[in-house]
Amino acid sequence: MNAGDTVFVLLSAALVMFMTPGLALFYGGLVRNKNVLGTIMQSFILLGLITLEWVMIGYSMSFGPDIGGIIGNLDWFALSGVGMEPSESYGTTIPHLAFMIFQCMFAIITPALITGAFAERIKFSAFILFSLLWAILVYNPLCHWAWGGGWMGKMGALDFAGGTVVHISSGAAAFIAALVTGKRKGFGITQYIPHNLPMAITGAALLWFGWFGFNAGSALSCSGLAANAFVVTHISASAAALAWVSAEWIHSGKPTTLGAASGAVAGLVAITPACGYVGPVSAIIIGLVAGALCFCGVMLKSRFGYDDSLDVVGIHGLGGIWGALATGLFASVAINPAGANGLFFGNPGQLWIQFISVIGTIAFSFFMTFIILKVVDLIIGLRVSIEDEERGLDISLHNETGYN
Amino acid sequence: MNAGDTVFVLLSAALVMFMTPGLALFYGGLVRNKNVLGTIMQSFILLGLITLEWVMIGYSMSFGPDIGGIIGNLDWFALSGVGMEPSESYGTTIPHLAFMIFQCMFAIITPALITGAFAERIKFSAFILFSLLWAILVYNPLCHWAWGGGWMGKMGALDFAGGTVVHISSGAAAFIAALVTGKRKGFGITQYIPHNLPMAITGAALLWFGWFGFNAGSALSCSGLAANAFVVTHISASAAALAWVSAEWIHSGKPTTLGAASGAVAGLVAITPACGYVGPVSAIIIGLVAGALCFCGVMLKSRFGYDDSLDVVGIHGLGGIWGALATGLFASVAINPAGANGLFFGNPGQLWIQFISVIGTIAFSFFMTFIILKVVDLIIGLRVSIEDEERGLDISLHNETGYN
Amino acid sequence: MNAGDTVFVLLSAALVMFMTPGLALFYGGLVRNKNVLGTIMQSFILLGLITLEWVMIGYSMSFGPDIGGIIGNLDWFALSGVGMEPSESYGTTIPHLAFMIFQCMFAIITPALITGAFAERIKFSAFILFSLLWAILVYNPLCHWAWGGGWMGKMGALDFAGGTVVHISSGAAAFIAALVTGKRKGFGITQYIPHNLPMAITGAALLWFGWFGFNAGSALSCSGLAANAFVVTHISASAAALAWVSAEWIHSGKPTTLGAASGAVAGLVAITPACGYVGPVSAIIIGLVAGALCFCGVMLKSRFGYDDSLDVVGIHGLGGIWGALATGLFASVAINPAGANGLFFGNPGQLWIQFISVIGTIAFSFFMTFIILKVVDLIIGLRVSIEDEERGLDISLHNETGYN
Amino acid sequence: MKKLEVIIKSFKLDDVKEGLSAIGIKGLTVSEVKGFGRQRGHKEIYRGAEYQVDFVPKIKLEVVMETELVNEAVKVILDKATTGQIGDGKIFILPVDEVIRIRTGEKGKNAI
Amino acid sequence: MKKLEVIIKSFKLDDVKEGLSAIGIKGLTVSEVKGFGRQRGHKEIYRGAEYQVDFVPKIKLEVVMETELVNEAVKVILDKATTGQIGDGKIFILPVDEVIRIRTGEKGKNAI
Amino acid sequence: MKKLEVIIKSFKLDDVKEGLSAIGIKGLTVSEVKGFGRQRGHKEIYRGAEYQVDFVPKIKLEVVMETELVNEAVKVILDKATTGQIGDGKIFILPVDEVIRIRTGEKGKNAI
Ligand SMILES: Nc1ncnc2c1ncn2[C@@H]1O[C@H](COP(=O)(O)OP(=O)(O)O)[C@@H](O)[C@H]1O
Ligand SMILES: Nc1ncnc2c1ncn2[C@@H]1O[C@H](COP(=O)(O)OP(=O)(O)O)[C@@H](O)[C@H]1O
Ligand SMILES: Nc1ncnc2c1ncn2[C@@H]1O[C@H](COP(=O)(O)OP(=O)(O)O)[C@@H](O)[C@H]1O
């Protein structure tokens with residue numbers, strides 16, 4: 001066991017934990033005043049809910065002994081056998097508990113990302129049930145597929161820190177969720193302008209800060225590879241922020257702060273699967289494309305007329321897909337001998353593998369999310385009443401108001 | 001000396017330092033608009049005040065050579081002899097200065113916690129004098145008793161990261177302070193609704209984040225034990241947030257964001273003394289009880305009719321007591337061989353020892369806090385004039401307003 | 001290579017990165033409502049802009065192979081040769097990439113500091129061009145002079161974490177920038193009261209938190225020296241916060257939260273060059289003087305009638321100069337054998353060296369900043385139209401408003 | 001000409017606005033106010049602490065219109081803003097001497 | 001019926017409200033405004049920078065009442081809101097043609 | 001006495017205030033409102049989502065003055081607040097029965 005590596009993973013876990021409140025602020029700032037608490041709550045409460053789910057069964061389903069490449073069994077129920085000694089397979093220089101809690105933070109933020117799609121209109125009870133089912137039935141299997149000994153990892157798909165597991169899965173779920181939940185009252189007429197942009201930008205900054213833990217921490221030991229992951233993460237975020245802002249500048253003459261923040265997030269999303277396999281120059285390209293692409297995705301949204309309120313599809317979905325494919329383009333064994341080369345380094349096969357993993361993730365997340373939403377709608381009903389929606393979630397669901 | 005351990009303790013110290021601004025936001029968001037700065041100031045200025053006190057005498061009083069199990073002597077006045085080499089007794093793999101500054105952050109936040117009890121009505125000068133005296137006369141001795149070679153530690157009381165020293169001591173002081181300071185103008189009539197809940201929840205998130213340093217850092221070396229402390233800290237916070245919110249849901253049909261935040265803090269408080277001695281399953285129970293218990297404590301407050309404005313007693317007092325006793329129930333040498341078994345692991349004596357330490361801390365804090373408040377009241381007067389209270393502390397004491 | 005040191009530098013880099021959003025909040029809270037986003041944007045976008053500049057040429061200019069003590073050559077263009085192995089000269093126990101990214105964060109925040117001088121009135125396009133030129137033509141050379149093998153370092157000037165490179169350079173540039181840009185509309189009449197002080201104080205707290213990475217991280221390995229740097233950083237911030245607040249209390253009877261925050265920043269600035277060479281007692285003195293001095297500087301501002309909107313000169317300029325000179329007074333080889341003794345430890349020559357480095361930095365920054373501003377004014381024009389200034393930068397430049 | 005000052009529940013704003021637009025009202029001005037009326041005075045408990053609810057957030061509309069329109073406007077407002085529960089608000093009708101459109105300097109009916 | 005528009009110092013709100021309640025005023029509406037009056041115009045220094053204080057935060061009360069109540073209400077307000085220092089505020093009395101309670105449609109005195 | 005209620009664009013406040021001061025207006029009260037007028041109704045796109053702009057932030061001035069001053073005040077306001085673009089705002093003139101200065105209890109002209 002290595003003290004340096006242990007510090008690294010534990011403090012990375014703390015950083016990733018911090019991303020969920022960061023997301024709460026990012027999303028909370030983007031909704032209207034009357035929904036700020038309801039929105040923040042949806043992220044915050046997942047810290048509680050998913051932690052318990054993960055500790056009880058989620059970790060075992062994701063990383064426990066493999067059943068047919070599909071799912072882990074429940075041998076590690078309630079963390080039995082997960083202790084202070086290193087595990088045999090994951091992070092062999094750090095306590096098994098450290099690996100477990102680091103992964104826990106990923107399991108929390110993933111369903112939290114989805115909440116941007118049905119913001120400002122969903123029942124809290126429905127949200128709780130949805131998130132719990134989604135974590136169990138979508139996140140845990142996907143996590144197992146990519147990292148827990150499942151088919152995707154075995155196939156050779158590269159996903160260093162969660163491009164498919166976290167971003168594509170939540171982006172795809174967001175798409176379905178926006179469709180099934182339906183539009184907010186007044187869609188196309190009412191001005192859904194962010195009520196507090198400094199709050200949203202603060203949230204984005206927290207995300208950026210925490211993402212260092214997310215990506216570099218995924219190296220699980222503090223080596224040159226971790227440094228590389230850290231560096232390319234920062235570079236991609238920077239390049240994407242610039243690209244988004246430049247695109248806005250060209251498009252409308254007005255570069256916006258929300259654009260800078262969204263761009264940064266898009267760049268962070270895109271580099272996530274790639275960060276352990278690509279170098280700085282590739283990261284610049286990945287980031288620039290991510291910023292421009294996600295900007296276009298968001299701007300074209302109105303064409304399709306569905307209400308993905310906070311652009312989860314446009315940023316996490318699109319950005320995640322680009323990142324997973326970019327890994328198949330730019331990956332290089334010069335960066336990570338344990339990885340593979342991508343198309344630009346002479347191995348077109350990797351791009352195909354990445355493509356399969358993208359399609360597999362999207363298809364699985366689409367299908368399962370749809371079923372879960374329909375079940376929740378049947379049992380509880382997804383949406384608040386029209387009157388509650390008008391009064392806002394804060395007062396109608398939580399009996400609080402953000403500002404007094 | 002070990003670089004990994006040193007990073008761990010230094011960065012943990014940074015995280016704990018961050019908790020004080022976190023507390024400033026938590027408390028600042030809960031008061032009324034006109035008192036936001038006065039409230040933030042009470043935490044922020046303690047970073048300055050207590051740091052100097054600690055460096056000059058506090059550290060020596062707390063951890064310096066023991067005098068009769070009661071207090072440290074002043075051999076380490078102004079940090080003389082506290083240098084870059086490890087100390088002989090504390091954190092033997094890290095620079096002595098690193099241990100000193102880590103502990104400094106604890107000394108700062110403890111009096112800051114009390115400020116919630118007399119929020120919105122105390123003179124700044126009185127507050128400064130009170131806090132300085134309290135740090136010297138209450139915190140330093142208690143810290144010495146538990147960790148500096150004093151009687152409580154010798155007796156075998158288990159307090160991994162500050163259940164008695166930090167939370168019970170401040171909770172008890174808060175009770176007396178609320179009584180002696182008296183109620184705010186309009187108590188029972190005026191609506192003391194939080195003026196900025198997103199700010200309060202951000203503060204709670206910072207607390208949660210920093211608490212990883214607080215609890216795991218208390219292992220002083222980055223080992224399996226630190227990983228365990230980290231994990232149970234996160235679990236307890238999660239469980240308590242869920243428990244509080246569920247209790248609210250049952251009680252009034254409306255789960256609140258402030259409930260989620262308060263629950264998380266209650267869970268963090270309760271696990272603090274226990275985190276180096278209990279495992280994950282115990283942490284779930286400790287957290288669930290903490291959330292439910294503190295919820296009840298806060299709800300029953302009105303029965304007693306004293307004005308503990310921001311619920312320091314209900315959360316830090318009650319939560320701290322529960323945590324100290326829970327340590328006597330759930331502690332296990334399987335987790336920490338340097339600790340002891342609790343009641344549920346066959347050693348009822350430990351519960352008794354914990355009980356003594358709780359009673360001792362409460363009695364000492366009650367008594368000393370009462371004296372100090374009376375002295376300060378005599379010299380300076382505790383409360384602002386009724387007109388200043390109406391205009392708010394921000395404008396009357398600091399000549400500033402929060403928002404313009 | 002050492003895992004502990006690598007964690008330390010990477011996480012310190014994350015902390016320093018976090019300071020830029022911290023600065024965005026600090027400055028953003030101090031301007032008027034209508035300029036909050038424009039102000040935040042100026043910091044945030046530099047994360048993107050300077051990162052790319054640094055990766056492409058800045059790092060090589062600053063730390064690449066020396067040309068005549070003046071500047072680095074472009075051998076490391078686009079990080080070629082900067083990889084996962086340690087460099088030969090900088091941070092020999094950590095990956096070269098880790099050192100590079102740590103330094104990148106310094107390069108970002110330095111031009112961001114200047115933005116306080118021309119807040120609320122400059123064109124975004126002009127700002128972008130100015131910042132890019134300033135980074136290339138002022139920051140990179142200065143950085144090379146002090147740390148990259150340039151004449152200042154060779155001369156023996158001590159600057160542990162950036163007193164000249166970061167603070168004096170930006171403070172001097174701020175002075176010129178305030179003069180050249182001119183006063184805000186309504187200067188001397190309109191009430192430029194901070195629109196959101198809790199935001200500003202949150203920003204200051206983030207700065208304090210991040211500064212631990214800034215200063216202690218500059219040790220590049222997690223040793224006793226890093227612990228010392230950490231400790232004196234905290235002490236100086238504390239002492240300066242107290243000093244500023246006390247000065248206000250004496251001067252006007254009203255200690256302010258903004259005073260506490262400004263004092264803390266002043267103390268952090270002043271200890272920056274000294275933190276690797278002075279001990280805790282010296283740090284108290286350095287901090288107390290910094291707080292009092294910068295308070296006076298800010299209060300005397302009106303005498304000179306230039307509009308340094310957010311007091312960059314008074315805090316970073318003055319504080320930086322004091323810190324650089326104080327290093328020449330209080331430095332001691334007992335703290336750092338690789339350093340030198342200062343005047344108070346028997347070596348008056350060091351004070352002279354420090355003095356030269358201060359004068360050199362100021363002169364260079366004055367001259368170059370002036371030229372750059374004039375060029376930008378010629379090409380683009382520095383100021384927004386009077387109507388845009390009245391409507392505020394948020395709506396006129398970015399087509400957004402902070403709060404809705 | 002008359003000015004209607006209308007206090008309504010916040011979430012009724014959109015409905016009332018639509019209603020008034022429909023009968024040809026071309027402009028109005030909205031502000032956030034706190035109301036003190038019959039709805040006040042009851043005790044509530046917040047986190048275990050009792051207090052009295054005195055002020056409730058409301059929306060105030062100000063609409064200037066020709067006198068002939070007033071009756072219709074009142075009818076529309078009653079129709080759209082009523083929930084039947086306490087705190088629905090009030091309509092105050094005040095006389096107006098003159099209206100001027102700043103952009104053009106027009107006065108009277110044309111300026112409304 | 002008359003409408004009183006009263007500008008007062010913010011921290012006097014509770015006292016004035018109590019006073020008006022005591023004489024039987026059943027409703028009022030409160031908003032936050034900025035006042036520009038005699039109190040303005042002096043120079044202040046903030047962090048070493050001079051500026052002119054023009055606008056001071058004030059509270060505006062709007063109360064509609066029967067004409068008979070006006071004198072008493074004015075007396076109460078003068079009693080409760082005066083500090084004797086510049087900036088205490090003003091009372092403006094305006095005519096009101098009609099009052100309607102939205103919940104019930106009642107008009108006139110009953111609606112106040 | 002008359003009361004002028006003036007709706008203007010926010011960034012015109014300083015100019016209008018100066019103008020009114022210059023003709024001897026000693027006090028006024030300012031509040032933030034949202035306006036719905038001709039300026040509304042057009043579609044905008046924000047981040048790819050379409051919406052209708054209904055309410056635009058405006059500033060409302062309330063100034064009570066002697067009747068003789070009204071014409072001049074209107075002229076000044078028209079002069080200072082006009083940009084010629086839609087949304088410049090309106091002036092409403094209302095009758096005022098009485099004005100009382102709270103500090104002194106003075107009434108009528110002296111109280112203005
Ligand atoms: N006399 C009044 N003067 C001014 N505003 C009033 C008056 N009476 C009521 N209001 C306003 O109308 C709102 C609704 O009044 P309330 O008595 O609660 O409703 P209702 O009579 O319809 O049950 C109040 O909150 C207040 O803002
Ligand atoms: N003519 C006026 N029209 C509108 N509001 C006024 C007028 N005069 C005063 N006010 C309001 O009354 C407040 C108090 O007026 P001020 O002249 O400062 O106090 P005092 O009457 O005590 O000297 C001002 O801040 C402003 O809001
Ligand atoms: N009839 C009205 N009653 C109340 N306020 C009005 C009325 N008409 C216009 N306003 C206010 O005046 C503002 C400017 O009106 P608008 O029609 O946009 O401008 P313009 O008069 O230049 O065409 C509106 O935003 C609204 O606040």
Side-chain angles (χ1 to χ4, degrees), chain A residues 2-5 7-8 11-12 15 32-33 93 191 193-198 201-202 204-206 208-210 212-213 216 221-228 230-231 234-235 237-243 245 249 252-261 263-264 267 279-281 283-284 335, chain C residues 1-11 13-15 17-18 20-22 24-25 28-29 36-38 40-41 44-45 47-52 55-56 78-80 82-86 94-98 100-101 104-105 124-125 196 199 202 206 394 397-404:
Chain A
N2 180 304
D5 292 348
V7 192
F8 186 57
L11 293 184
S12 292
L15 288 176
R32 285 166 292 171
N33 198 308
T93 59
Q191 196 169 353
I193 290 288
H195 90 286
N196 193 332
L197 276 174
I201 292 155
T202 304
L206 292 189
W208 191 328
F209 177 60
F212 290 125
S221 85
C222 199
S223 51
L225 187 63
N228 184 78
F230 188 107
V231 167
H234 186 67
I235 289 176
S238 298
L242 280 189
V245 163
W249 215 337
S252 71
K254 306 276 182 186
T256 68
T257 54
L258 180 54
V281 177
I284 296 179
I335 302 291
Chain C
M1 216 155 65
N2 180 305
D5 292 347
T6 306
V7 193
F8 186 55
V9 174
L10 284 183
L11 293 184
L15 288 176
M17 177 269 163
F18 206 30
T20 295
L25 293 180
V36 58
L37 296 177
I40 286 176
M41 184 66 157
F44 197 90
I45 201 65
L47 280 166
L49 186 71
I50 304 299
T51 297
L52 292 204
V55 162
M56 297 312 289
L79 302 186
S80 78
V82 179
M84 298 189 215
E85 293 308 304
I94 60 172
H96 196 172
L97 279 171
M100 182 284 298
I101 199 75
C104 176
M105 305 310 182
F124 187 61
S125 49
N196 192 332
M199 179 192 283
T202 304
L206 292 190
D394 295 5
L397 298 182
H398 306 296
N399 202 25
E400 291 173 300
T401 48
Y403 313 95
N404 286 291

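Values reported hereafter were calculated over all heavy atoms of this structure, with side chains retained and with hydrogens, waters and symmetry mates removed. Per chain, numbering begins at 1; letters A, B, ... match sequence-line order.
- A heavy-atom distance below 4.5 Å is found between the side chains of C/L10 and A/C222.
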- Applying side-chain contact (heavy atoms from CB on, under 4.5 Å), run through A/I335 and C/M84 and close with a yes or a no. CA-CA 9 Å; A/I335 302 291; C/M84 298 189 215; 3.6 Å; yes

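- With a 4.5 angstrom heavy-atom cutoff, C/A13 touches chain A via backbone and side-chain atoms both.
- For chain A, the nearby parts of C/L15 are the backbone and the side chain; heavy atoms of each come within less than 4.5 Å.
- Taking both residues in full, the closest heavy atoms of A/V231 and C/L97 are given as CG2-O, 3.6 Å, listed atom of the first, atom of the second, then distance.
- Panel note: side chain A/H195, backbone C/N404; no donor-acceptor pair is recorded below 3.5 Å.
- When atom types are taken as modelled, the side chain of A/S238 and the backbone of C/L47 share a donor-acceptor pair closer than 3.5 angstrom.
- Per-residue counts of heavy-atom pairs under 4.5 Å with chain C were compared for A/F230, A/F212, A/F8; the largest is that of A/F230.
- Ring geometry for C/F124 against A/W249 counts as tilted: the plane angle lies between 30° and 60°, on a 0 to 90° scale.
- Looking at A/L258, both its backbone and its side chain come within 4.5 Å of chain C, counting heavy atoms on both sides.
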- Item | Stepwise side-chain contact (heavy atoms from CB on, under 4.5 Å) check, A/I201 with C/L37 | CA-CA 9 Å; A/I201 292 155; C/L37 296 177; 4.0 Å; yes

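- Looking at A/I235, both its backbone and its side chain come within 4.5 Å of chain C, counting heavy atoms on both sides.
- Residue contact with chain C, scored on non-hydrogen atoms closer than 4.5 Å, involves the side chain of A/P280 exclusively.
- For chain A, the nearby part of C/F44 is the side chain; its heavy atoms alone come within less than 4.5 Å.
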- Query: A/T257 and C/I45: side-chain contact (heavy atoms from CB on, under 4.5 Å), yes or no, with the steps?
  - Reply: CA-CA 8 Å; A/T257 54; C/I45 201 65; over 6 Å; no

- Let me see the working for A/H234 and C/M105 under side-chain contact (heavy atoms from CB on, under 4.5 Å), right down to the final yes or no. CA-CA 10 Å; A/H234 186 67; C/M105 305 310 182; 3.6 Å; yes

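- In this structure, the portion of C/I40 lying under 4.5 Å from any heavy atom of chain A is its side chain and not its backbone.
- Between C/A3 and A/D5, the shortest heavy-atom distance links the atoms CB-OD1, 3.8 Å.
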